Amino acid sequence: MLMVQKQKVEDKKRDLEKDVNVSDVADFEPPRWIFCFRLMDQNVVVGYPSNPEGRSGSCRNVAVERPWGMKMQSQTSLVRTFGKREAEQSCLALLQACNTFEKLTQVHAHLLKSGLQNNLLVLTKFASTSSDLNAINYASRILLSPEVDTPLYDTFLYNTIVRAYAQTGDYKGRAVLVYNFMRECGVLPNKFTYPFVLKACAGIGDLNLGKSVHGSVLKFGFDNDVHVQNTMVHMYCCCEGNVEMARKVFDEMPKDDSVTWSAMIGGYARLGLSADAIGLFRKMQTVGVRPDEITMISVLSACTDLGALELGKWVESYIQKEKVQKSVELCNALIDMFAKCGDIDRALNLFTNMNERTIVSWTSVIVGLAMHGRGLETISLFEEMIEAGMVPDYVVFIGLLSACSHSGLVDKGKRYFDSMAEKYGILPKIKHYGCMVDLLCRAGLVKEALEFVQNMPMEPNQIILRTLINACRAHGELKLGESITEQLIRNEPMDESSYVLLSNIYAKMLQWEKKTKIREEMDEQGMRKIPGSTMIEIDNEMYEFVAGDKSHKEHKEIFEMMDEMGREMKRAGYAASTSEVMLDINEEDKEDALNRHSEKIAIAFALLKTPPGTPIRLVKNLRVCADCHSATKFISKIYNREIVVRDRNRFHYFKDGLCSCKDFW
DNA sequence: GTAGGGTTAG
């Protein structure tokens with residue numbers, strides 16, 4: 001008679017929806033050994049199926065409860081009836097049925113009152129499955145209290161708490177504390193403890209603890225456990241400056257699997273060592289380890305970083321061919337890759353054909369469109385997203401605001417910024433303020449931008465100050481720029497980019513002595529300007545050029561090509577924009593310096609290496625300079641080539657002497 | 001009860 005049909009439960013659930021307490025319990029998804037639970041005169045009955053051996057088909061009431069006015073069988077009688085494990089499971093069922101921390105404490109108090117003492121197994125299990133920090137704290141407080149004696153489950157219990165904290169966003173440090181406490185109590189870690197605590201170390205970048213855990217792993221001989229070592233690789237990759245150590249662990253592992261390779265490839269990719277990531281992926285294939293979906297996501301992220309569209313396309317076909325499972329996340333990575341490697345239409349195409357989209361899918365296309373300067377499309381896509389019932393998060397607003405900024409949509413940007421808090425309840429973070437400063441600065445509203453910064457609820461960061469300084473330089477507010485830069489250098493005296501900014505301002509003010517002094521100071525401190533570089537992919541190989549680069553074996557031919565380009569451009573009416581050159585040299589030398597920019601070298605190389613009419617794709621590490629921008633426009637017309645340039649923050653499509661950015665960048 | 005992944009202003 002306790003065989004309640006599913007339909008009946010559903011009906012009851014619906015009837016009782018108004019009653020918060022009961023429906024909370026009814027929402028509970030029962031573990032598999034509990035086959036039914038039903039609501040009977042407002043009592044909750046947890047029923048068991050026939051036991052695994054197939055004895056007795058009847059179910060017994062293990063816990064009968066009037067909503068939150070508890071009437072429980074005592075633990076001893078539960079144990080007598082069902083054995084220890086089942087008794088614990090029934091407690092767990094009740095605790096899991098609490099979907100709020102408040103309910104948890106209530107139920108736990110009742111359990112204690114009914115003689116079901118501190119059931120640590122149940123509590124820690126609850127904490128580990130809960131994302132509620134309060135629940136984890138509550139359980140760990142009990143576990144760590146001195147009067148608790150946990151002879152049976154020592155390591156397991158600690159593992160559970162360490163794991164729960166390791167999975168939190170901001171409290172991974174507590175996982176480390178619990179681990180330390182566990183060691184102090186003389187509880188030995190096992191092979192499951194290490195991945196948890198290493199993950200926490202990785203999350204907070206605690207290299208010292210990571211190393212000491214590594215020592216402990218060696219001491220107890222867990223260094224032949226592939227799971228432990230995989231997390232070790234991950235940990236070293238996440239702790240700054242220790243890729244070499246990660247690689248050492250990786251190289252010395254007696255056996256590895258796709259996870260090991262993913263950890264190492266992903267580590268390289270996250271650190272921006274994209275060429276290493278791709279190289280290791282190629283090695284992985286020669287070794288014969290089958291890459292999985294997650295490997296492919298890391299590889300795609302490396303392609304995205306390099307702007308390696310051809311390689312990215314190859315990865316896509318590889319995914320098809322090898323039938324790698326195409327999850328939403330993998331699709332998102334593909335969309336991001338195509339968008340950032342310059343094939344935004346392919347990205348849009350993939351996006352439209354997805355049957356399930358997450359906020360990340362939307363964000364990827366929105367950011368992609370923003371990078372391509374397609375501001376109005378970005379906005380309509382955002383509106384479409386809202387209509388589709390997606391809840392916007394703070395990341396998508398960064399994409400949206402930067403779209404407004406790249407397309408000069410000042411009023412729209414301001415409106416969306418205000419709507420964040422008003423309409424969507426998202427408090428703008430410093431990055432959103434940064435977007436707004438950028439928006440105002442690009443539109444030439446330097447004074448308004450300054451006012452905006454002064455009225456911000458937080459202190460401006462270095463990025464915002466730099467945006468202001470660049471705007472001051474571009475719009476002739478040199479004195480103001482100088483004073484902000486000096487402030488910037490006082491804040492962070494060891495950052496070379498501030499010195500570069502200041503020296504650029506002095507160049508523009510024609511104050512060569514001050515500029516030389518800055519350069520000397522930089523030399524004294526051993527600082528160097530980041531050299532501008534341009535990358536190009538030809539026949540699946542990436543080539544990188546810096547200004548005046550003669551490292552390529554065909555540099556003679558390349559420079560001849562550049563001379564020819566220069567002659568053709570002059571004939572077509574090109575004049576070098578020497579005002580951007582920040583060197584104290586004469587006009588002729590300035591022109592020469594411009595001609596040797598890495599972008600022009602890469603274009604000359606591409607003209608030599610690719611058949612007429614094929615598009616040229618370039619990836620720069622800095623923003624494209626005014627002279628290269630103008631020169632590239634000329635070249636696109638003279639040589640009848642589509643030239644796609646991804647610079648530090650957006651795409652430029654050069655065709656027939658025009659650029660898609662409409663000279664606004 | 002075990003590991004590994006993606007989106008973020010200049």
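Model, not experiment: these values are computed from the prediction.
A straight line from OH of A:Y194 to P of B:dG4 spans 17 Å, rounded to a whole angstrom. Between the CH2 atom of A:W362 and the P atom of B:dG6 there is a distance of 23 Å, rounded to whole Å. Taking atom CD1 on A:I161 and atom C1' on B:dG1, their separation rounds to 13 Å, with Å as the unit. Atom-to-atom, CD1 of A:I265 to P of B:dG5 comes out at 12 Å; the value is rounded to the nearest Å. Atom CD1 of A:I398 is separated from atom C1' of B:dA9 by 7 Å (rounded to the nearest Å). Here the P atom of nucleotide B:dA3 and the CE atom of A:M253 are 15 Å apart, to the nearest Å. Here B:dG4 presents its C1' atom at 15 Å from CE of A:M235, a figure rounded to the nearest Å. At whole-Å resolution of the value, CZ in A:F250 and P in B:dG4 are 16 Å apart.
Here A:N332 lies in heavy-atom contact (under 4.0 Å) with a base. Residue A:N461 is classed as a base contact, given a heavy-atom separation below 4.0 Å to a base. Within the nucleic acid shown, A:D257 comes within 4.0 Å of at least one base atom, counting heavy atoms only. Residue A:K429 is classed as having no contact, given no heavy-atom separation below 4.0 Å to the nucleic acid. Counting non-hydrogen atoms under 4.0 angstrom, A:I464 reaches nothing in the nucleic acid. Note on A:D292: a base of the nucleic acid sits closer than 4.0 angstrom, heavy atoms only. Using a 4.0 Å heavy-atom cutoff across all strands shown, A:T304 reaches no nucleic acid atom at all. Using a 4.0 Å heavy-atom distance criterion, A:K191 is classed as making no nucleic acid contact. Within the 4.0 angstrom heavy-atom criterion, base atoms lie near A:Y394. Among the atoms of the strands shown, none is found under 4.0 Å from any heavy atom of A:Q462.
Side-chain atoms of A:T295 stay outside donor-acceptor range of the base of B:dG4, with no qualifying N/O pair under 3.5 Å.
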Passes salt bridge (charged side-chain N to carboxylate O under 4.0 Å, His left out), A:K248 versus A:E252? Steps please.
CA-CA 6 Å; A:K248 192 166 178 287; A:E252 287 169 5; 3.5 Å; yes
Determine whether A:I319 and A:E293 satisfy the following criterion, side chain to side chain contact (heavy atoms under 4.5 Å, CB included), listing intermediate values before the conclusion.
CA-CA 8 Å; A:I319 292 167; A:E293 179 203 339; over 6 Å; no
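Picking from B:dG10, B:dG5, B:dT7 the nucleotide with the shortest atom distance to the side chain of A:K340 gives B:dT7. Nearest nucleotide to the side chain of A:F192, out of B:dG4, B:dG6, B:dG1: B:dG1. Looking at the side chain of A:N230, the nearest of the listed nucleotides B:dG5, B:dT8, B:dA3 is B:dA3. For A:S258, counting side-chain heavy atoms from C-beta on, the closest listed nucleotide (B:dG4, B:dT7, B:dG10) is B:dG4. Out of B:dG4, B:dT2, B:dG10, the shortest distance to the side chain of A:R466 is found at B:dG10. Of the listed nucleotides (B:dG1, B:dT7, B:dG6), B:dG6 has the atom at the smallest distance from the side chain of A:T358. Comparing B:dG5, B:dA3, B:dT8 by their nearest atom to the side chain of A:K431 picks out B:dT8. Listed nucleotides B:dG1, B:dA3, B:dG5 differ in distance to A:E293; the shortest reach to its side chain belongs to B:dG5. Nearest nucleotide to the A:T231 side chain, out of B:dT7, B:dA9, B:dA3: B:dA3.
For A:F452 and A:Y433, the ring centers sit closer than 6.0 Å to each other. Between A:F382 and A:W362, a ring centre-to-centre spacing not shorter than 6.0 Å is recorded.
Checking the phosphate oxygens (OP1, OP2) of B:dG6, no side-chain nitrogen or oxygen of A:K326 falls inside 4.0 Å. Contact check, A:H227 against B:dG4: no side-chain N or O comes under 4.0 Å of OP1 or OP2. Regarding contacts with the backbone of B:dG5, a side-chain N or O of A:R270 is found under 4.0 angstrom from either OP1 or OP2. Look at A:R442 and you'll find a side-chain N or O under 4.0 angstrom from OP1 or OP2 of B:dG10.
A cation-pi arrangement is found for A:K429 relative to A:Y394, the charged atom lying closer than 6.0 Å to the ring centre and inside a 45° cone about the ring normal.
For the side-chain contact (heavy atoms from CB on, under 4.5 Å) with A:S361, the qualifying choice from A:L350, A:N332, A:I366 is A:N332, the only one to do so.
Of the N and O atoms on the side chains of A:S258 and A:T295, not one donor lies less than 3.5 Å from an acceptor on the other residue.
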